[in-house]
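What follows is a short report on a single structure.
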Amino acid sequence: MDAITLIGAFSVLAAGLCISIGGMSAGFGEGHAAASALQAIAQQPDEANTITRTLFVAMAMVESTAIYSFVITILILYFNPFWNYAIQIAAK
Amino acid sequence: MIENFDTSLVFTLFGFGINATIFYTWIVMALLVGMSIFITRRLKSDKVSSKLQTIIEFLVMNIREQIMAVSGDNPSKYLTFIMTLFLFILTCNLLTFVPWFKPPTASLSTTSAFAFCVFLAIPVFSIQNAGLKGYLKKFIDPVPIMLPMNILGEFSSSFSLAFRLYGNIFSGVMIGMVLMSMVPFLLPISMQLLGLLTGAIQAYIFALLAIVYISSVRPETTYNEDKKLY
């Protein structure tokens, strides 16, 4: 296999792995946070407003890792620097 | 196939290319300013006020309460900044539903500008709250050895603020476009409905995190809201 084939194949593989692992771990974390918040709301319904607000902040924090992996995936798929470099080398 | 709103030109003005992001930002700005002028032109303090005034009063009151609950401080200080961010992002995100409208928040430049505003607002409001000494004390809190971590955290919080909004809105737009080319009937509409929900939540989260970051250094005295202030 030449370099371009390798770079192309591994870029697609890396993109798939990146979004799947990143999304999966963030999903686990957010599910855990939501479950705990629901439990807390069930125990103290009066504090639902505060708990919901804190939950949103916590979820936003947890979600940022998933967003990072999404951005990296988009970079790999559409703005891949290694692929562009290989194409440039091949064109010469 | 990926569409970059920053490079797609809408028209040229005096030799400058106006790209889609700037163009639709202007539309949202005109909409917000026009609505504000239209509503505040005939404010009434009677018992009977217009419907639009009631909507705006409801918005302002609720955002004031949210800011006070999160920061535990006088909400009037942060209200203008936070509410501008919130209303602008909310309008951008909700207008995704209009065909051919390209939301400015789906471009990294817009969200970076917002995050940069928050990044600059943190020291401004902190120094206003606790003085320069109180602000600098935040960096060696709880122990001086945490100094590099605190400085890093200062940057990464703004960074993630920009990327969170961009990633959410942009992925919504992308999913819409991909589904439109594969399954043009009904399915894109349901994803767009989901996009409206995410857009509203993201606007709320952006404003909420902005308050959390800005009011991280607060004055010693606690603030008691007097209900007569409304």
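- Atom OG of B/Ser171 is separated from atom CD1 of A/Ile67 by 6.0 Å, given to the nearest 0.5 angstrom.
- The 12-atom threshold is not exceeded at CD1 of B/Ile145, counting heavy atoms of other residues, nucleotides or ligands nearer than 6.0 Å.
- Only the side chain of B/Tyr204 comes within contact range of chain A, judged by heavy atoms closer than 4.5 Å.
- Side-chain atoms of B/Ile205 and A/Glu63, non-hydrogen and from C-beta on, never get closer than 4.5 Å to each other.
- Nearest approach of A/Phe70 to B/Gly167, heavy atoms of both residues: CE2-O, 3.7 Å.
- Ring pair A/Tyr68/B/Phe159 is tilted by interplanar angle, where 30° to 60° counts as tilted.
- Heavy-atom proximity under 4.5 angstrom to chain B picks out A/Arg53, A/Phe56, A/Val57 from residues 47-57 of chain A.
- Within 6.0 Å of the CZ atom in B/Phe119, the count of heavy atoms belonging to other residues, nucleotides or ligands exceeds 12.
- Residue A/Met59 does not touch chain B at all, counting heavy-atom pairs closer than 4.5 Å.
- Interface summary for chain A: among B/Val212, B/Leu108, B/Ile201, B/Leu208, the most heavy-atom pairs under 4.5 angstrom belong to B/Leu208.
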